[in-house]
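Heads up, the thing below is written out as structure tokens.
What you see is a predicted model; the values in this text were computed from it and never measured. Only heavy atoms go into these numbers, but all of them, side chains included; no hydrogens, no water, no symmetry mates. In what follows, every chain begins at residue 1, and chains take the letters A, B, ... in the order their sequences are listed.
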There are 2 protein chains.
Amino acid sequence: MDRLDRKILRLLQEDSTLAVADLAKKVGLSTTPCWRRIQKLEEEGVIRKRVALLDPAKVNAQVTVFVSIRTSAHSHEWLKRFSEVVVDFPEVVEFYRMSGDVDYLLRVVVPDIAAYDNFYKRLIQRIEIRDVSSSFAMQQIKYTTELPLDYLVVDGGRSSDS
Amino acid sequence: MDRLDRKILRLLQEDSTLAVADLAKKVGLSTTPCWRRIQKLEEEGVIRKRVALLDPAKVNAQVTVFVSIRTSAHSHEWLKRFSEVVVDFPEVVEFYRMSGDVDYLLRVVVPDIAAYDNFYKRLIQRIEIRDVSSSFAMQQIKYTTELPLDYLVVDGGRSSDS
DNA sequence: TCCGTCCATGGATCGTCTTGATCGCAAAAT
DNA sequence: ATTTTGCGATCAAGACGATCCATGGACGGA
């Protein structure tokens, strides 16, 4: 994993439709070794998958709600079922177990407040939850799937190269 | 926008490397009209872009921190500068303006707590912020870039088809 | 010096994309 | 009832990119 791999990852995170030849040119390699590096990154699982990102507004899923859940002392069974139920909802796009005050945090995506209410009802109908609190996002100022590559350990030192 | 478009979107959200011919087969079309639909969805901006998703652990960015920011009455200038500064950090992968108690919510991705501390210092060094509170995620139970397509308005009624 | 690793280059093959043309069906319009 | 219109199916063909192989050269370490 060196500076060149990092460049490749940076570019593919932005646009995975780039042709290998173009990618190679930008990275400063010829196509064959560039192609091999991509293969390796995929084999190693550094590149997990390639997906299409949709416009939330265009698919009528423009409202984000963060749902904080507190759950004082529950059985292992409950936790298991809780996870399964939550993960099943396509509206739940992120789901974290947290430290501190809140136990679980969900990011839920819906068209509007009415749809969120409906989602909420369906959720608490499928599993009993103690303490729930919802916060609505007014605006999504940044959303990216690009992970920072600054922390990658490269063998050639920490060149913070483009 | 009909049931077939929805199927196409569903599949491309999962895996954008699917060949048009295979996609067409799964959708129940022949390749040419399927290809034309994909083009249209891209022109219309329903499909925003195609990207590679990386494994957070493999790029040393496995820790998620949610940062809640409260900011009692600030100037428009401050808000503008605040947004610019925050968006600039590659560690900030999501950034929302919220309703209710918290004013802004960030999702920050770093390798460990030490790196978060460093990030935090760099942030408050670049802009003065009143009230900040950080919550660490212990576990990422679900993370998907797939938006729910159940709310899409299709002309052929609400067939909740595969 | 010798070896191993990595790159550049060129070429060959193969699959896929992309486009155009034509035909047929079915629903909507007149 | 007939026409129009809007898909989709099918066929065909050229362009393009991915993939793989073989060769030769540069560089650093043992």
Take the C1' atoms of the five end pairs on each side of the helix from dT1(C)-dA30(D) to dT30(C)-dA1(D), get both axes, and report the angle to 10 degrees.
-> 30°
Would you please name every residue forming a side chain to side chain donor-acceptor pair (under 3.5 Å) with Gln139(A), sequence neighbours left out?
->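 Gln139(A): side chain to side chain donor-acceptor pair (under 3.5 Å) contacts with Arg97(B).
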Using the test side chain to side chain donor-acceptor pair (under 3.5 Å), find all partners of Gln140(A) that sit at least two apart in sequence or belong to another chain.
->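 In terms of side chain to side chain donor-acceptor pair (under 3.5 Å), with neighbours along the sequence ignored, Gln140(A) is linked to Tyr96(B).
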Does any non-hydrogen side-chain atom of [Y] lie less than 4.5 Å from one of [X]?
{"X": "Leu79(B)", "Y": "Ser83(B)", "result": "no"}
{"X": "Leu9(B)", "Y": "Leu54(A)", "result": "yes"}
{"X": "Ile127(A)", "Y": "Trp78(A)", "result": "yes"}

Listed partners of Arg122(A) passing side-chain contact (heavy atoms from CB on, under 4.5 Å), at least two apart =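 side-chain contact (heavy atoms from CB on, under 4.5 Å) check on Arg122(A) returns Phe89(A), Glu91(A), Asn118(A), Phe119(A), Tyr151(B).
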Excluding sequence neighbours, so at least two apart, what forms side-chain contact (heavy atoms from CB on, under 4.5 Å) with Lys26(B)?
-> Leu11(B), Leu18(B)
Lys40(B) has an atom NZ; how far is it from atom C1' of dG8(D), in whole Å?
-> 14 Å
Starting at CE of Met1(B) and ending at C1' of dG6(D), how long is that distance when rounded to a whole Å?
-> 18 Å
Can you list every salt bridge (charged side-chain N to carboxylate O under 4.0 Å, His left out) pair that touches residues 124-141 of chain B, not counting sequence neighbours?
-> Arg70(B)-Asp131(B)
Does any pair with a residue in residues 48-65 of chain A pass side chain to side chain donor-acceptor pair (under 3.5 Å), and if so which ones, sequence neighbours excluded?
->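 Of all non-adjacent pairs touching residues 48-65 of chain A, those that pass side chain to side chain donor-acceptor pair (under 3.5 Å) are Glu42(A)-Arg50(A), Thr64(A)-Arg107(A).
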How are the rings of Phe95(B) and Tyr104(B) set relative to one another: parallel (under 30°), tilted (30 to 60°) or perpendicular (over 60°)?
->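 Geometry flag for Tyr104(B) against Phe95(B): tilted rings.
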Apply ring pair (Phe, Tyr, Trp, His ring centres under 6.0 Å) to Tyr143(A) and list each qualifying residue two or more places apart in sequence or on a separate chain.
->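 With neighbours one apart ignored, the set is empty.
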Identify each atom pair where a protein N or O and an N or O of nucleotides 13-17 of chain C are less than 3.5 Å apart, giving names and distance.
unit_1, atom_1, unit_2, atom_2, d
dC17(C), OP1, Val20(B), N, 3.1
dC17(C), OP2, Val20(B), N, 3.3

Taking protein heavy atoms under 4.0 Å as touching, what does nucleotides 4-9 of chain C look like 5' to 3' if B marks base contact, S marks sugar-phosphate-only contact and - marks none?
-> ---SBB
With the criterion being N/O to N/O and under 3.5 Å, what pairs connect the protein with nucleotides 25-28 of chain C, and how long is each?
none

Verify the distance criterion only: is there a donor paired with an acceptor across the side chains of Tyr120(A) and Ser134(A) at less than 3.5 Å?
-> no
Other than Leu53(B), which residues form its hydrophobic cluster under the rule that side-chain heavy atoms must be closer than 4.5 Å?
-> Val51(A), Leu53(A), Val51(B)
